[in-house]
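Residue numbers begin at 1 in each chain, while the letters A, B, ... track the order of the sequences. In this text, all values refer to a predicted model and were calculated from it rather than measured experimentally.
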Amino acid sequence: MKKELAKKYNPKDFEERIYKYWNENEYFKADPNDEKEPFTIMMPPPNVTGNLHMGHALNNTIQDILIRWKRMDGYEALWLPGTDHASISTEAKVVAKIRSKGKTKEELGREKFLEEAWDWTEEYGGNIRNQLKKLGVSCDWSKERFTLDEGLSKAVEEVFIRLYEKGLIYRGNRIINWCPSCRTAISDAEVEHKDSNGKLWHIKYPVKDSDDFITIATTRPETMLGDVAVAVHPEDERYRHLIGKKVILPLVNREIPIIEDEYVDMEFGTGAVKITPAHDPNDFEIGLRHNLEQLKIMDDDAKINENGGKYSGLDRYEARKEIVKDLKEQGYLIEIEDHDHSVGHCERCSTVVEPIISKQWFVKMKPLAEPALKAYKEGKFRFIPERFGKIYVHWLENIRDWCISRQLWWGHRLPVYYCKDCDEVMVAREMPKACTKCDSNNIYQDPDTLDTWFSSALWPFSTLGWPEDTEELKYFYPTDVLVTGYDIIFFWVVRMVFSGLEHMGDIPFKNVLINGLVRDSQGRKMSKSLGNGIDPLEIIDKYGADALRFMLVTGNTPGNDMRFHMERVEASRNFANKLWNASRFVLMNLEDDIVSEEEAQKYMEEEDKWIISRVNNITKEATENMNKFELGIAAQKLYDFIWSEYCDWYIEMVKPRLYGEDENSKNTARYVLLTVLKDILKLLHPFMPFITEEIWQHLPNTDGSLIKAKWPQYQEEHNNDKAEREISFIMEAVKNIRNIRAEANVAPSKKAKVIFVTTDEEIKSILDNGRNHFANLAAASDIEIRDNKEGIGEDAMSAVVEACEIYMPLEELVDIEKEIERLEKEKERLEGELKRVNGKLSNEGFVNKAPEHIVEKEREKKKMYQEMMDKVLERLEALKSKK
RNA sequence: GGGCGCGUAGCUCAGCUGGGAGAGCAUCUGCCUUACAAGCAGGAGGUCACAGGUUCAAGUCCUGUCGCGCCCACCA
């Protein structure tokens with residue numbers, strides 16, 4: 001006999017100890033194994049310096065459930081963890097730290113800055129790992145990777161060089177999104193568009209050598225400093241006569257041409273557009289078409305530069321104010337119109353992004369996007385739920401080249417070298433000794449680093465050793481499931497797919513399971529600025545990791561957001577408590593020797609067969625739902641079964657046997673209690689790993705960890721329709737008796753006589769077999785089963801279950817008025833049911849077209865309701881006539 | 001401008017491929033019954049947003065309307 005379970009369920013007593021036990025025994029390790037099928041999940045790497053938030057908790061709980069389940073189900077299940085260097089976000093933190101010491105990163109210099117950044121990483125990098133462990137994640141820590149570690153950096157470099165050599169990476173002067181606060185270029189995906197109430201300034205530009213003028217409209221008047229043309233639509237009658245003429249740019253007094261271009265929308269604004277190729281993506285394109293100058297008027301910190309004349313040195317918004325003022329004073333400003341439009345903000349720091357021309361590195365996307373689209377459309381991988389595939393397709397179909405260079409220091413430095421003497425560009429694995437063109441050795445490396453997502457895009461294979469052709473790569477790639485939030489489908493999912501296809505020649509994953517956001521109880525996003533975030537660690541501390549995990553996964557469906565309610569955590573904790581106590585009950589009733597299955601079979605009662613049949617069906621249903629990634633439904637089914645069937649009914653039914661004298665019956669009950677509990681623990685383990693393991697360790701005949709236990713399989717021979725029918729009938733009858741007792745206020749302890757009246761032989765036998773249950777569960781004494789109701793007076797309360805009447809002669813306790821009321825209500829209910837059933841059955845369409853088994857079911861119902869109705873009516877009449 | 005999601009019991013949400021409306025919490029009644037008061041037993045509470053349509057049958061499929069939310073977009 002093993003040691004007893006603690007009297008109270010207190011997750012703090014064992015969660016940490018159990019995690020250590022798993023980890024030290026290397027139960028999470030997975031390695032290439034020819035005897036098993038692989039099952040792989042790559043953990044979306046959290047920011048290395050980040051802290052665990054609810055989103056992580058949800059995301060990793062889902063992954064852990066899947067991986068634990070598959071591991072038990074016989075797969076070589078690898079869940080590979082890791083962290084992301086998060087270039088822009090980590091750099092910002094380190095910069096802030098340096099600033100607090102009164103220095104700038106430039107003053108510190110690149111080398112020292114990186115030292116600081118590595119220190120920072122080491123200091124905070126362990127946090128998230130330990131926090132994940134508290135959640136119970138069963139990932140293979142021996143394979144943990146970091147996007148900036150040596151191997152992954154090698155992969156990044158290799159990819160850059162290969163794409164460059166293929167002509168898929170190029171350097172160009174193009175319009176990019178510039179964040180003046182982060183002082184770096186960012187990609188389109190990193191720009192967050194927000195609607196804002198802006199203005200449309202109408203400004204007139206005088207036509208040279210004429211009194212005429214042309215009015216343009218702009219939302220960013222300050223950019224006029226960089227205007228090099230005014231464009232109108234070729235078919236616009238209003239302006240046709242002006243095409244080819246010049247205008248004098250106000251305030252600047254520069255002569256610029258009026259050109260024609262089809263891009264211009266005649267309906268919008270005034271139909272005339274100022275063209276600023278250096279500061280607007282459309283203007284940039286027009287500029288190229290018309291061979292216009294690209295006049296840059298802003299610095300990296302969004303101040304007007306030397307090209308801005310008297311405005312130079314002003315911040316962009318100060319300049320705007322000044323320019324508008326001057327235009328007004330000089331009579332050029334015609335109108336200020338309210339104009340709502342959307343403005344791009346830096347996703348990271350919320351600063352308004354400035355479209356600006358800049359020499360950056362880009363990935364040519366079209367050739368990479370096409371195979372990625374094809375793979376999805378051919379069903380090589382899928383989204384769960386399906387609808388997120390649309391986001392994927394839409395993004396890829398409208399993709400533009402990806403700006404990958406960042407003016408940051410924390411990240412993978414571009415393997416690009418320049419010759420100072422002849423400006424030759426060299427892309428190489430190592431710094432060239434001499435310029436390949438002019439032989440100069442005046443060479444320097446590009447100071448820029450790569451977009452963080454450039455390395456994340458390689459995660460599914462770089463983590464397995466690519467570009468080396470490792471055993472791990474061959475065995476575990478492609479991975480099976482990617483679990484992630486919908487917010488990074490285009491940041492990450494898209495890029496992993498085209499990277500996998502390009503470099504591995506295969507998709508990176510077969511399923512993309514999308515999880516929603518965890519919001520606060522009012523439905524708001526949890527955010528630092530709102531201060532409404534709930535710390536998963538606090539929840540774990542108070543309620544245990546199992547409760548948090550269970551809460552996160554129930555009542556939720558893939559892809560949908562959920563709200564965090566403390567009451568739901570409590571409910572999950574209560575469920576864990578229930579399981580704990582049920583297990584304690586089982587344990588305290590076991591003896592050292594558990595009888596064999598064969599022995600138990602000989603003495604099984606109906607309730608034993610019933611619960612075995614039930615757990616068998618639940619196994620099937622739970623597994624089916626998990627196969628569909630419906631973890632919430634699977635969890636709910638387990639919850640209902642454990643609480644409402646195993647605990648509420650089976651344990652209660654079996655108590656008299658455990659306390660009785662019949663050793664065979666007792667041992668059989670023990671055997672069944674334990675066997676079913678073991679299945680329960682196995683099925684629940686992926687969801688609640690700690691409590692199930694802790695209980696498992698206390699059960700007899702359990703060698704080693706529950707992690708190693710075999711996932712239960714559905715077994716046809718355990719199905720028992722007869723037992724299910726009998727026990728559910730008994731349960732119905734017990735409920736009715738309890739109901740009568742409650743309504744008549746019969747104290748629970750008080751024994752009461754129960755008379756069953758039925759002519760149905762099957763029911764009679766069920767009732768006869770169930771005598772003990774009625775005594776035990778409904779405190780019924782003197783159970784009588786007969787086929788007529790002679791002699792039962794009006795001083796009894798009654799109920800009807802199928803073809804069986806139940807009478808409880810309660811004499812003075814019976815209030816006839818109340819009893820009539822009860823029966824009237826029952827009559828009403830039956831009338832409703834009969835009306836519905838009759839309606840269906842009298843409908844020719846239904847009888848002819850509905851499947852036979854559905855029609856048959858309705859016929860049976862009709863018969864049953866009719867019989868019940870007859871009995872209720874008879875009883876009512878008898879009572880009324882006696883009154 | 002385009003796309004998507006949601007609207008089911010007082011609250012938070014399940015309800016998968018159409019075939020008798022569910023859970024948790026809250027509420028009401030009775031119970032500290034030696035596994036569990038973090039519990040047990042019993043009860044009340046819903047024209048499944050609205051309007052059409054398809055179907056023998058619609059919370060479930062289609063169309064439209066209203067309300068809430070989200071995403072995308074080079075609307076000077």
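- In summary, A/K12 and A/D541 engage in a salt bridge, as defined by a charged side-chain N under 4.0 Å from a carboxylate O.
- Residues meeting the side-chain hydrogen bond (donor to acceptor under 3.5 Å, both in side chains) test with A/H339, sequence neighbours left out: none.
- Side-chain polar atoms of A/K194 and A/S196 form no donor-acceptor pair below 3.5 angstrom.
- When the P atom is used for both B/rG69 and B/rA26, the distance is 29 Å, rounded to whole Å.
- At a threshold of 4.0 Å, the pair A/E852-A/R859 counts as salt-bridged, since one of the basic side-chain nitrogens sits closer than that to a carboxylate oxygen.
- Phosphate proximity of B/rA76 to A/H279: absent, as no side-chain N or O sits under 4.0 Å from OP1 or OP2.
- Ion pairing of A/R836 with A/E833 is present here, as a side-chain N (NZ or NE/NH1/NH2) and a carboxylate O approach within less than 4.0 Å.
- A donor-acceptor contact closer than 3.5 angstrom links the side chains of A/D188 and A/N177.
- Rounded to the nearest Å, the gap between the C1' atom of B/rC48 and that of B/rA23 is 16 Å.
- You'll find that the side chain of A/K735 is closest to B/rG42, out of B/rA76, B/rG42, B/rA14.
- Helical stems of RNA chain B (runs of at least 3 Watson-Crick or G-U pairs, donor-acceptor distances under 3.5 Å) are listed by first residue: B:1-7 with B:66-72, B:10-13 with B:22-25, B:27-31 with B:39-43, B:49-53 with B:61-65.
- Backbone-only engagement by A/G555 is indicated by non-hydrogen atom pairs under 4.0 Å involving sugar-phosphate atoms exclusively.
- As judged by a 4.0 angstrom heavy-atom cut-off over every strand, A/G271 is placed among the base-contacting residues.
- Distance CZ (A/R220) to P (B/rC74): 13 Å, rounded to an integer number of Å.
- Following rounding to the nearest Å, A/M266 (CE) and B/rC75 (P) show an atom-to-atom distance of 18 Å.
- A straight line from CG of A/D261 to C1' of B/rC74 spans 13 Å, rounded to a whole angstrom.
- Look at the C1' atom in both B/rU55 and B/rC66: the space between them is 27 Å, to the nearest Å.
- Partners of A/A272 under the side-chain contact (heavy atoms from CB on, under 4.5 Å) rule, at least two apart in sequence or in another chain, are A/I214, A/I216, A/V230, A/V232, A/Y239, A/T270.
- The side chain of A/R738 approaches B/rA41 more closely than any other nucleotide in the set B/rG5, B/rA76, B/rA41.
- With sequence neighbours excluded, the residues forming a side-chain hydrogen bond (donor to acceptor under 3.5 Å, both in side chains) with A/E652 are A/K655, listed by chain and number.
- Distance from the side chain of A/N739 is smallest for B/rG43 among the nucleotides B/rA73, B/rG43, B/rC71.
- When distances are taken from the side chain of A/K857 to each of B/rG42, B/rC16, B/rG19, the shortest belongs to B/rG19.
- Where A/R563 and A/K390 each meet RNA chain B at their nearest nucleotide, the meeting point lying more 5' is that of A/K390.
- In this view, A/M266 and A/H233, A/D236, A/R238 satisfy the side-chain contact (heavy atoms from CB on, under 4.5 Å) rule, not counting sequence neighbours.
- B/rA37 atom P lies 16 Å from atom CD of A/E570, rounded to whole Å.
- Spacing of P atoms, B/rA9 relative to B/rC4, comes out at 26 Å, to the nearest Å.
- Nucleic acid contact for A/P355: none, since no nucleic acid atom lies under 4.0 Å from a heavy atom of the residue.
- Residue-level contact check: A/T557 touches the backbone only, with heavy atoms under 4.0 Å from sugar-phosphate atoms and none from bases.
- Within the nucleic acid shown, A/K8 comes within 4.0 Å of at least one base atom, counting heavy atoms only.
- Taking atom C1' in both B/rG10 and B/rC56, the straight-line distance is 37 Å, to the nearest Å.
- Nucleotides B/rA35 and B/rC40, compared at atom C1', are 12 Å apart to the nearest Å.
- Distance from the side chain of A/H193 is smallest for B/rA73 among the nucleotides B/rA73, B/rG19, B/rG42.
- Heavy-atom distances to RNA chain B give each of A/K861 and A/F490 a nearest nucleotide, and the one nearer the 5′ end belongs to A/K861.
- On the P atoms, B/rA44 is 15 Å away from B/rU29, given to the nearest whole Å.
- Put simply, CZ on A/R519 is 10 Å from P on B/rC13, counting in whole angstrom units.
- Defined by atom type and a distance below 3.5 Å, a donor-acceptor pair is present between the side-chain atoms of A/Y486 and A/D561.
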_Sugar-phosphate or base contact per nucleotide [nucleotides 21-36 of chain B; S, B, -; heavy atom under 4.0 Å]_ = --SSS---------BB

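- Relative to the side chain of A/W395, the nucleotides B/rG15, B/rC72, B/rG19 differ in distance, and B/rC72 lies closest.
- Within the 4.0 angstrom heavy-atom criterion, base atoms lie near A/V264.
- For the pair A/I391 CD1 and B/rA73 C1', the interatomic distance rounds to 14 Å; values are reported in whole Å.
- Using a 4.0 Å cut-off between charged nitrogen and carboxylate oxygen, A/D520 and A/R563 do not count as a salt-bridge pair.
- In this entry the distance linking CG of A/D265 with C1' of B/rC75 reads 9 Å, nearest Å.
- Residues A/K825 and A/E828 are not paired through a salt bridge, judged by the lack of any N-O separation under 4.0 Å between the basic side chain and the carboxylate.
- Here A/T554 does not reach the OP1 or OP2 of B/rA14: none of its side-chain N or O atoms lies under 4.0 Å away.
- Put simply, CG on A/L552 is 14 Å from C1' on B/rC13, counting in whole angstrom units.
- A salt bridge links A/E819 to A/R822: at least one charged side-chain nitrogen sits closer than 4.0 Å to a carboxylate oxygen.
- Distances shown here put every side-chain N or O of A/N560 at or beyond 4.0 Å from the OP1 or OP2 atom of B/rC70.
- With C1' as the reference atom, B/rC13 and B/rA37 are 26 Å apart, rounded to whole Å.
- Of the listed nucleotides (B/rA38, B/rA44, B/rA76), B/rA76 has the atom at the smallest distance from the side chain of A/H341.
- If you check B/rA76, B/rG15, B/rC74 against the side chain of A/R400, the one that comes closest is B/rC74.
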